[in-house]
Amino acid sequence: MVLLSFDIEEFDMPLEYKGEIPFEKQILISQNGLERILDILKKYNAKATFFSTVVFAENSKHLIGRLLNEGHELASHTWFHSDFEERHLKESKDRLEELFSTKVTGLRMPRMMPVSKNAVENAGYSYNSSINPTYLPGRYNNLKVSRTYFKEGKVTQIPASVSPNFRIPLFWLSFHNFPLPFYKKLASDTLKKDNYLNIYFHPWEFAEIKDEAFKLPGFTVKNSGKDMVERFDEFISWLKSKNYSFGTFQEFQKQIES
């Protein structure tokens, strides 16, 4: 099974690099990218999971409604993308369920931040996908964490996929910067070894973000916008040609626990 997921959030990454972007533009850029994602997924009838901040969801109700109507799963990316308190775990879950009358069972922390295992369980989540089991300078060192899913208390931990050899991460930055044939090879190796692939992206990657005011480094904007749309379309088409199935995290959890 291929687990496609998208962290849908206010596009505040320029602020990390001392760039400038007003809040309205943060939301608009992510909305434009999300529309493009949903169009591609609909084209290939591929299901995915969307981890949303409450801030983005409250400003994008029509798009959250669309993704739910098209059979995708809504999960929590907490309340804000750049501000977190432990109480936001339960508050964001409750708010998303209230807004969209859907059951929210999954969590992904913004920027894959560490979070209290007990707090996640106490907030009522059944799975957490907040671990990238690799080494990324300045971000995290999770080389001793299991590459594949594992149970921790009542919560199923579903780490992002890394290659079986050398733990090369298959997250969004790899997709943008590796030659696509090489990325496909890593994805294929991982699927053969693990029988599933957990990869994540963001809507703003599919939008136009090459703006000098954002001050984003080249490796973050390479193959973004329409280039990303074409690249992602080709990748999904390739996965379909290999007869891989696509599912939500909720479907995957039911499968591994049955």
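Small disclaimer: the values here were computed from a predicted structure and weren't measured.
- Side-chain contact annotation: Gln250 with Thr105, donor-acceptor N/O pair under 3.5 Å present.
- A donor-acceptor contact shorter than 3.5 Å is absent between the side chain of Ser30 and the backbone of Ile27.
- With rounding to the nearest 0.5 Å, the separation of CZ in Arg111 from CE in Met13 is 9.0 Å.
- Side-chain atoms of Met228 and Ile37, non-hydrogen and from C-beta on, never get closer than 4.5 Å to each other.
- The environment of CD in Glu98 is crowded: more than 12 heavy-atom neighbours from other residues, nucleotides or ligands sit within 6.0 Å.
- Residues Leu38 and Leu67 have side chains in contact (heavy-atom distance under 4.5 Å, counting atoms from C-beta outward).
- In this structure, the side chains of Ser76 and Trp79 stay at 4.5 Å or more apart for every pair of heavy atoms.
- A donor-acceptor contact shorter than 3.5 Å links the side chain of Thr190 to the backbone of Leu186.
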Take Glu97 and Lys93, measure what side chain to side chain contact (heavy atoms under 4.5 Å, CB included) needs, and give me the verdict at the end.
CA-CA 6 Å; Glu97 290 182 338; Lys93 180 180 185 297; 3.1 Å; yes
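- Taking hydrophobic clusters as Ile, Leu, Val, Met, Phe, Trp and Tyr residues chained together by side-chain heavy-atom distances below 4.5 Å, Leu3 does not share a cluster with Tyr244.
- The closest donor-acceptor contact from the side chain of Ser130 to the backbone of Met112 lies at 3.5 Å or more, if one exists at all.
- The closest side-chain donor-acceptor pair between Asn45 and Lys43, if any, does not fall under 3.5 angstrom.
- Looking at heavy atoms from C-beta onward, Lys184 lies in side-chain contact with Glu234 at the 4.5 angstrom threshold.
- Proximity of Ser52 to Leu74: side-chain heavy atoms (C-beta onward) are separated by under 4.5 Å at one or more points.
- The residue from Tyr149, Phe51, Tyr196 that alone fulfils the ring pair (Phe, Tyr, Trp, His ring centres under 6.0 Å) condition with Phe249 is Phe51.
- A continuous path of hydrophobic side-chain contacts links Phe171 to Ile199 [ILVMFWY only; heavy atoms under 4.5 Å].
- Between Thr134 and Ile168, the closest side-chain pair of non-hydrogen atoms is not below 4.5 Å.
- Not a single donor-acceptor pair under 3.5 Å links the side chain of Glu73 to the backbone N or O of Thr248.
- Atom CG of Leu41 is separated from atom CZ of Arg36 by 14.5 Å, given to the nearest 0.5 angstrom.
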With side chain to side chain contact (heavy atoms under 4.5 Å, CB included) as the criterion, how do Met113 and Phe84 come out once you've worked through the C-alpha distance, each side chain's angles and the decisive distance to 0.1 Å?
CA-CA 10 Å; Met113 288 189 299; Phe84 175 71; 4.0 Å; yes
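- Sorted by first and then second residue, the pairs that involve residues 136-149 and meet salt bridge (charged side-chain N to carboxylate O under 4.0 Å, His left out), not counting sequence neighbours, are Glu16-Arg139, Arg147-Asp194.
- Judged by distance alone, the side chains of Ser60 and Gln31 do bring a donor and an acceptor atom under 3.5 Å apart.
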Asn198/Ser5 under side chain to side chain contact (heavy atoms under 4.5 Å, CB included): CA gap, chis, key distance, verdict
CA-CA 8 Å; Asn198 174 15; Ser5 64; 4.2 Å; yes
Run the side chain to side chain donor-acceptor pair (under 3.5 Å) test on Ser82 and Asp12 for me, step by step, so that the C-alpha distance in whole Å, both residues' side-chain angles and the decisive distance to 0.1 Å come before the verdict.
CA-CA 8 Å; Ser82 292; Asp12 59 2; 2.4 Å; yes
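- Phe214 is not listed as a side-chain neighbour of Leu15, based on a closest heavy-atom distance of 4.5 Å or more.
- Judged by distance alone, the side chains of Gln26 and Trp204 never bring a donor and an acceptor atom under 3.5 Å apart.
- Criterion: ILVMFWY side-chain heavy atoms under 4.5 Å apart, direct or through other members. Under it, Leu197 and Ile256 are not part of a common hydrophobic cluster.
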Under the side chain to side chain donor-acceptor pair (under 3.5 Å) rule, what do Tyr140 and Asn132 come out as? Steps first, then yes or no, please.
CA-CA 8 Å; Tyr140 33 71; Asn132 201 337; 3.1 Å; yes
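- Taking both residues in full, the closest heavy atoms of Arg167 and Pro133 are given as NH1-O, 3.0 Å, listed atom of the first, atom of the second, then distance.
- The backbone N or O of Glu85 lies less than 3.5 Å from a partner atom in the side chain of His88, making a donor-acceptor pair.
- Residues His81 and Glu10 bring no donor and acceptor atom of their side chains to less than 3.5 Å of each other.
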Phe252/Thr49 under side chain to side chain contact (heavy atoms under 4.5 Å, CB included): CA gap, chis, key distance, verdict:
CA-CA 11 Å; Phe252 179 70; Thr49 300; over 6 Å; no
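- Judged purely by atom type and a 3.5 angstrom limit, Lys47 has no side-chain atom pairing as donor or acceptor with the backbone of Gly247.
- In this structure, Phe175 and Phe201 have perpendicular ring planes: the angle between them is above 60°, well past the 30° mark.
- For residues 148-163, the set of pairs meeting the salt bridge (charged side-chain N to carboxylate O under 4.0 Å, His left out) definition, not counting sequence neighbours, comprises Lys151-Glu257.
- Contact of the Tyr135 side chain with the Asn142 side chain is not registered, since no non-hydrogen atoms from C-beta on lie closer than 4.5 Å.
- When the shell of 6.0 Å around CZ of Phe166 is examined, it contains 12 or fewer heavy atoms from other residues, nucleotides or ligands.
- In summary, the side chains of Ser126 and Gln253 do present a donor paired with an acceptor at a separation below 3.5 Å, with no hydrogens or angles considered.
- Linking Ile, Leu, Val, Met, Phe, Trp and Tyr whenever their side-chain heavy atoms come within less than 4.5 Å puts Phe206 and Phe56 in one cluster.
- When only modelled atom types and interatomic distance are considered, Ser163 and Asp189 share no side-chain donor-acceptor pair under 3.5 Å.
- Taken to the nearest 0.5 Å, the CZ atom of Phe232 stands 14.0 Å off from the CG atom of Asn223.
- No hydrogens or angles considered: a donor-acceptor pair under 3.5 Å links the side chains of Ser129 and Arg108.
- With 3.5 Å as the limit, one finds no donor-acceptor pair spanning the side chains of Asp7 and Tyr200.
- Here CG of Leu239 is found 7.5 Å from CG of Leu4. Values are rounded to the nearest 0.5 Å.
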